[in-house]
Chemist: 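My questions will all concern the structure given below.
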Amino acid sequence: MESYYAALNAMAAAPNDGVFAITIDVEGSAYQKEGTWMWIGADGKTTGLLSGGCLEEAVAAHAIEVLSSRQAAALSFDLRAEDDGGWGQGSGCDGVIHVWLEPVTNETKPDWLTLKQRLDRGEHVLMARSIAHPKEPPFFQSETGERFGGYVSPPRPEWLNALHGTPFFRGRNGVQETDDGAFYIQHFWPKPRLVIFGAGPDAPPLVSAAKAAGFSVTVSDWRPAFCHPSHVPDADAFVMGFPHETVPRLRLNERDFVVITTHQFERDRELVSLLADMPLAYLGVLGPRRRTDRLFPSGSAPPFVRSPVGLPIGARSPQEIAISILAELISVLRAQPMEAAR
């Protein structure tokens, strides 16, 4: 999902200094967009991609220079040329990519570790990094109001408006011009949580696919043998119990994605009665629409309930169904119109 998760993990695990390479601006088209991150360790090992593979070697070479000087720097790569002398080399990109190289040293690493910790805690964080004055430290603020990073000037009102007024997983990353020069603005979002109620045989493929796509996956079931790492090894968390016990413990909110896959009608009815009034990002129920309609006292499921769950791709096997569900989750997360998808 978001490349900064892997980059921050690599930074946290690195025994030595390193460099973040960040795509801060794209003119035209490119394989990746603004907000793409890559980590280059002091040993030259990299995590992540900024392109389809045509820039990474050059970026890594420049990163070693940045690490030596401990001075942030900007690079530009013109991918529009398709001859052997150009960066594009027929890659399919047709734009100019501007990359920012941010050294991470013993002095600055605590701030980046704080960022990672806030994301792990489920907080949205906004960063404003001066491009015009590379010696200035970045500004960070989490949605709880905590500021870190060493930026000493007062934050600009538009930064705080973006932090507090941007819907989940929205917000534009990119360069913003101000009267104090250009700043790169980055939204860091915590991993979206997917809660799956029902850990039957079709749950493991969905858990694995969602985990690979960047979701934090919680599995809930009342059966100990199913709600266990031996059955669903890729799940991040397990909450065992009956719906009336587990739903309050999960503290669901408007950023959570929920899929009901218990295959038991009465259990599903209990779950929808507990979940229907919650402000969830997504609520999907496995099974035909007519069955889902019968779960509700009115005899009709509300429009926001996705049923049958997943995009209609003709899926049959548990693995194919998992792909169709994941595709719908991503579509909702990225705010793509579902009418067009269906």
Side-chain angles (χ1 to χ4, degrees), residues 1-24 34-42 45-48 63 66-67 70-73 99-131 133-166 168-176 180 183-193 214-216 236-237 251 253 255:
M1 191 162 289
E2 302 307 308
S3 56
Y4 49 75
Y5 299 140
L8 287 169
N9 286 339
M11 176 275 304
N16 300 308
D17 298 344
V19 175
F20 286 123
I22 312 161
T23 299
I24 61 172
E34 295 89 347
T36 303
W37 286 58
M38 174 181 170
W39 168 258
I40 303 100
K45 293 182 179 179
T46 63
T47 299
V66 164
L67 195 57
R70 299 197 168 202
Q71 178 64 57
V99 177
W100 183 258
L101 298 179
E102 183 74 38
V104 178
T105 65
N106 286 335
E107 292 75 25
T108 62
K109 191 170 185 176
D111 290 323
W112 297 103
L113 290 174
T114 298
L115 169 62
K116 181 181 182 303
Q117 291 163 1
R118 298 303 170 266
L119 289 175
D120 291 342
R121 254 177 19 189
E123 297 176 17
H124 171 208
V125 178
L126 183 129
M127 178 187 78
R129 210 288 177 225
S130 176
I131 303 301
H133 307 289
K135 292 185 178 180
E136 287 187 356
F139 166 82
F140 294 95
Q141 181 167 326
S142 77
E143 61 182 306
T144 63
E146 179 187 7
R147 294 177 186 173
F148 53 99
Y151 186 78
V152 296
S153 300
R156 300 183 66 86
E158 57 266 31
W159 300 348
L160 302 183
N161 290 339
L163 174 64
H164 296 297
T166 303
F168 186 51
F169 252 80
R170 310 291 192 271
R172 179 184 176 276
N173 303 315
V175 176
Q176 180 185 95
D180 192 31
F183 283 81
Y184 173 66
I185 307 300
Q186 170 89 45
H187 289 269
F188 295 96
W189 295 102
K191 289 186 177 183
R193 182 171 65 157
F215 284 83
S216 175
D236 296 289
R251 299 182 181 275
N253 60 56
R255 293 180 178 177

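When a residue number appears, it is its place in the shown sequence, counting from 1.
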Chemist: Please list, chain by chain and in numerical order, all residues satisfying side chain to side chain contact (heavy atoms under 4.5 Å, CB included) with E136, sequence neighbours excluded.
Modeler: S130, H133, Y151

Chemist: Do L160 and Q141 come within less than 4.5 Å of each other through their side chains, counting heavy atoms only?
Modeler: yes

Chemist: Holding to side chain to side chain contact (heavy atoms under 4.5 Å, CB included), I want the full list of residues that pass it with R251, two or more places apart in sequence or in another chain.
Modeler: none

Chemist: Among residues at least two apart in sequence or on other chains, which ones pass ring-ring contact (aromatic ring centres under 6.0 Å, His included) with Y184?
Modeler: none

Chemist: Not counting sequence neighbours, which residues clear side chain to side chain contact (heavy atoms under 4.5 Å, CB included) with N9? List them please.
Modeler: K116

Chemist: Testing the basics here: between G48 and M38, what is the closest heavy-atom pair and its distance to 0.1 Å?
Modeler: O-CG, 3.7 Å

Chemist: Output all residues satisfying side chain to side chain contact (heavy atoms under 4.5 Å, CB included) with D111, sequence neighbours left out; order by chain, then residue number.
Modeler: F148

Chemist: Considering residues at least two apart in sequence or located in another chain, which fulfil the ring-ring contact (aromatic ring centres under 6.0 Å, His included) criterion with Y5?
Modeler: none

Chemist: How far apart are the closest heavy atoms of Y4 and G35, and which atoms are they?
Modeler: CD2-O, 4.4 Å

Chemist: Considering non-hydrogen atoms only, spot the tightest contact between P192 and G214 and give its length.
Modeler: CD-O, 4.0 Å

Chemist: Over all heavy atoms of both residues, which pair between L67 and G18 is shortest? Give the atoms and the distance, please.
Modeler: CD1-O, 3.5 Å

Chemist: Do V104 and F20 have side chains that approach each other closer than 4.5 Å (heavy atoms only, starting at C-beta)?
Modeler: yes

Chemist: Measure the CD-CZ distance between E146 and F140 for me, rounded to the nearest 0.5 Å.
Modeler: 11.5 Å

Chemist: Quick check: W37 with F188 (ring centres under 6.0 Å apart)?
Modeler: yes

Chemist: If every non-hydrogen atom of K109 is compared with every non-hydrogen atom of A12, which pair is closest and at what distance?
Modeler: NZ-O, 4.2 Å

Chemist: May I ask you to decide whether R70 forms a salt bridge with D17, counting only side-chain N to carboxylate O separations under 4.0 Å?
Modeler: yes

Chemist: Listed by chain and number, what are the side-chain hydrogen bond (donor to acceptor under 3.5 Å, both in side chains) partners of R193, not counting sequence neighbours?
Modeler: D256

Chemist: Please enumerate all residues that pass side-chain hydrogen bond (donor to acceptor under 3.5 Å, both in side chains) together with W159, with sequence neighbours excluded.
Modeler: Q176

Chemist: List the residues meeting side-chain hydrogen bond (donor to acceptor under 3.5 Å, both in side chains) with Q117, not counting sequence neighbours, and say none if there are none.
Modeler: none

Chemist: Would you call E102 and W112 a side-chain contact if the rule is heavy atoms closer than 4.5 Å?
Modeler: yes

Chemist: State, yes or no, whether a side-chain contact exists between V19 and W100 at a heavy-atom distance under 4.5 Å.
Modeler: no

Chemist: Rounded at 0.5 Å granularity, tell me how far CZ in R147 sits from OG1 in T114.
Modeler: 15.5 Å

Chemist: Partners of R170 by salt bridge (Lys or Arg N to Asp or Glu O under 4.0 Å), sequence neighbours excluded?
Modeler: none

Chemist: Quick one: salt bridge (Lys or Arg N to Asp or Glu O under 4.0 Å) partners of D236, sequence neighbours excluded?
Modeler: K211

Chemist: Taking all heavy atoms of P137 and all of G149, pick out the closest pair and write down the distance.
Modeler: CB-O, 3.1 Å

Chemist: What's the spacing between F183 CZ and M127 CE if we round to 0.5 Å?
Modeler: 11.5 Å

Chemist: Does a side-chain heavy-atom distance below 4.5 Å link L126 with I185?
Modeler: yes

Chemist: Can you confirm whether I22 sits close enough to T36 that some side-chain heavy atom of one is under 4.5 Å from a side-chain heavy atom of the other?
Modeler: no

Chemist: Measuring from L101:CG to I24:CD1, what's the distance to the nearest 0.5 Å?
Modeler: 9.5 Å

Chemist: Check the pair E34 / V175 against side chain to side chain contact (heavy atoms under 4.5 Å, CB included), numbers first and verdict last.
Modeler: CA-CA 9 Å; E34 295 89 347; V175 176; over 6 Å; no

Chemist: What is the distance from atom NZ of K191 to atom CZ of F169, rounded to the nearest 0.5 Å?
Modeler: 10.0 Å

Chemist: Please work out which of the three classes, parallel, tilted or perpendicular, describes the rings of H187 and H124, given edges at 30° and 60°.
Modeler: parallel

Chemist: Evaluate the side-chain hydrogen bond (donor to acceptor under 3.5 Å, both in side chains) criterion for residues S142 and E123: first the C-alpha distance (whole Å), next the side-chain angles of each, then the deciding distance (0.1 Å), finally the verdict.
Modeler: CA-CA 6 Å; S142 77; E123 297 176 17; 3.2 Å; yes

Chemist: Would the distance check show the side chain of T108 and the main-chain N or O of T105 forming a donor-acceptor pair, the cut-off being under 3.5 Å?
Modeler: yes

Chemist: Are the side chains of Q71 and P134 in touch, meaning some heavy atoms are under 4.5 Å apart?
Modeler: yes

Chemist: Just jot down the side-chain hydrogen bond (donor to acceptor under 3.5 Å, both in side chains) partners of T47, sequence neighbours excluded, or say none.
Modeler: none

